[in-house]
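Encoded as structure tokens, the structure appears first; notes follow it.
The chains referred to below are lettered A, B, ... by the order of the sequence lines, with proteins before strands, and numbering in each begins at 1. No experiment lies behind these values; they were computed from the predicted model shown.
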2 protein chains.
Amino acid sequence: MTGSGNKSAAASSPPPKAVVGRLSLYLRELQHLLRDGHETTSSTQLGRRLGVTDAQVRKDLAYFGQFGYPGIGYRCEELVTQIKAILGTNQEWPVAIVGVGNLGQALLGYHGFRRQGFRVEAAFDISPDRIGKTFEGIVVQHLEEIPITLAEKKIRIGIIAVPGHAAQKVANQLVSSGIAAILNFSPVTLSLPETVPVVGVDLAIELEQLSFAVVNQAPNT
Amino acid sequence: MTGSGNKSAAASSPPPKAVVGRLSLYLRELQHLLRDGHETTSSTQLGRRLGVTDAQVRKDLAYFGQFGYPGIGYRCEELVTQIKAILGTNQEWPVAIVGVGNLGQALLGYHGFRRQGFRVEAAFDISPDRIGKTFEGIVVQHLEEIPITLAEKKIRIGIIAVPGHAAQKVANQLVSSGIAAILNFSPVTLSLPETVPVVGVDLAIELEQLSFAVVNQAPNT
DNA sequence: TAGATTGTTAATCGATTAACAATC
DNA sequence: TAGATTGTTAATCGATTAACAATC
């Protein structure tokens, strides 16, 4: 017997970030497969859907253990459970949003977060116009409340959606309030202690990648 | 004389995607340096700010030409101009948004796009509640109008911000209307012709990368 | 059994870093 | 000139792919 819950072959070296990124994609795809009634899948099927090779799927998963059944493939439900455990989304994560402008409000209302185990439980802003208002059941608080609220609600992940010029200051406040990780939507590079992982999403930069591709059209292999 | 506008050493092999991604980061940083009154910078300074090595900065730029001055470094303004030309953002790009829910509305109002040369010029939805409404000066149209409007407004880049179950259909409509590239915010993998580049941004996945980092805390090198 | 598919090792490929002559 | 910094080549490192014995 090979698979199922076997963590014995746990990674000795830490997995590259790219692998963790793909792990999330595998999870997403597996959830779609499940919804479509598939009981099992294979590295070939999964890879084809995501545009990666079957070997890569198997190699990526091998960083974390043995989850498959030779001759059969992977049981979708089981693999979903396993990947969630690896990513830490088998638990609920309360998160905070700082900056309740356009983007912050959209993130507050984004149901996709909840579906994957993230629940926005606090929102902060500096504008008197917004403080005290309620969005999606969350009352916007002043930035000053960050330390107390993070502690009270055991929030470890913060989302920054303030204008660029305010982002570093907000990041510092989050860090000094003990945040464990930051998702940054501001178009700036944050300078933070190495112990606080950051993921940056710059919407303009994503579009730039596309304008480059269009201008240098037909990257004909 | 080495630098300035010299495109002679243009890339023979196509630059890896990772390089183009960093190019956008260099551009962003250079714009900050300019605003802070810096006339020149160096691969070391740029790299330190972004957490990459000086060698990598120079190597990345070398894919596209020679832009620096030995002994001096890079003139910020000049390099900004050069990188914009490479990325194609020395021109204005009209873009369309499909899906005017929470996220779509936020994207419509996002000023960061405009700053980098992207202008939202059309918005589409399927809901009668939203069609005809105006957001940020843009009247929401029915999905049916996509072909006519894209042609009229010469829109080549489309942003998908519809629920996952509708995304593939919308993508097909965009493609058959001649879109050149797609930015996809829906949590699904789109299957598209190879000629249409896609960038996917899945907000839940970004958070998953952070929960992984927190759970596997202290990736102590 | 024959067919399918895994996990893993070895081979290949590509990307990053180090080093340094050339230049200002 | 001495000091700084580029562009580029060679060396290193890491990630992807191919191949295959083991397994169901």
(request) Identify which one of A/L103, A/V98, A/V201, A/V162 satisfies the side chain to side chain contact (heavy atoms under 4.5 Å, CB included) criterion when paired with A/S186. (result) A/V162
(request) With sequence neighbours left out, write down each residue that passes side chain to side chain donor-acceptor pair (under 3.5 Å) with A/E39, or none if nothing qualifies. (result) none
(request) Would you indicate which nucleotide in D/dT8, C/dT23, D/dA15 comes nearest to any side-chain atom of A/Y63? (result) D/dA15
(request) Can you tell me which residue pairs pass the salt bridge (Lys or Arg N to Asp or Glu O under 4.0 Å) test with a partner in residues 83-98 of chain A, sequence neighbours excluded? (result) A/E92-A/R119
(message) Which helical stems does DNA chain C take part in, if a stem means at least 3 consecutive Watson-Crick or G-U pairs with both distances below 3.5 Å?
(response) C:3-24 with D:3-24
(message) Is any side-chain heavy atom of B/I160 closer than 4.5 Å to one of B/L174?
(response) yes
(request) Would you mind listing every side-chain hydrogen bond (donor to acceptor under 3.5 Å, both in side chains) that reaches into residues 197-211 of chain B, with sequence neighbours excluded? (result) A/S24-B/E208, A/S24-B/Q209, A/R28-B/D202
(message) Run the side-chain contact (heavy atoms from CB on, under 4.5 Å) test against B/A55 and tell me which residues pass, sequence neighbours left out.
(response) B/T53, B/R58
(request) Could you check how far CG of B/L61 sits from C1' of C/dT16, rounded to whole Å? (result) 15 Å
(message) Could you work out, with side chain to side chain donor-acceptor pair (under 3.5 Å) as the rule, every residue matching B/Y74, not counting sequence neighbours?
(response) none
(request) Please report, rounded to the nearest Å, how far the P atom of C/dC24 is from the OH atom of B/Y69. (result) 11 Å
(request) Quickly work out the B/F67 CZ to C/dT23 P distance and round it to whole Å. (result) 19 Å
(request) Identify, between A/G71 and A/D60, the residue whose nearest nucleotide on DNA chain D lies closer to the 5' end. (result) A/D60
(request) Report the distance from atom NZ of B/K59 to atom C1' of C/dT16, rounded to the nearest whole Å. (result) 8 Å
(request) Could you check which of D/dA22, D/dT16, D/dA15 has an atom nearest any side-chain atom of A/R22? (result) D/dT16
(request) Check each residue of residues 37-58 of chain A for a non-hydrogen atom within less than 4.0 Å of any atom in DNA chain C, then write out the ones that pass by number, or none. (result) A/S42, A/S43, A/R58
(request) For B/Y74 and D/dA4, give me the distance from atom OH to atom P, rounded to whole Å. (result) 17 Å
(request) Identify, with sequence neighbours excluded, every residue that meets side chain to side chain donor-acceptor pair (under 3.5 Å) alongside B/Q56. (result) none
(request) Can you sort out the partners of A/E77 under side chain to side chain donor-acceptor pair (under 3.5 Å), two or more places apart, ordered by chain and number? (result) none
(request) Nearest whole angstrom, please: distance from the P of D/dT23 to the CD of A/Q66. (result) 11 Å
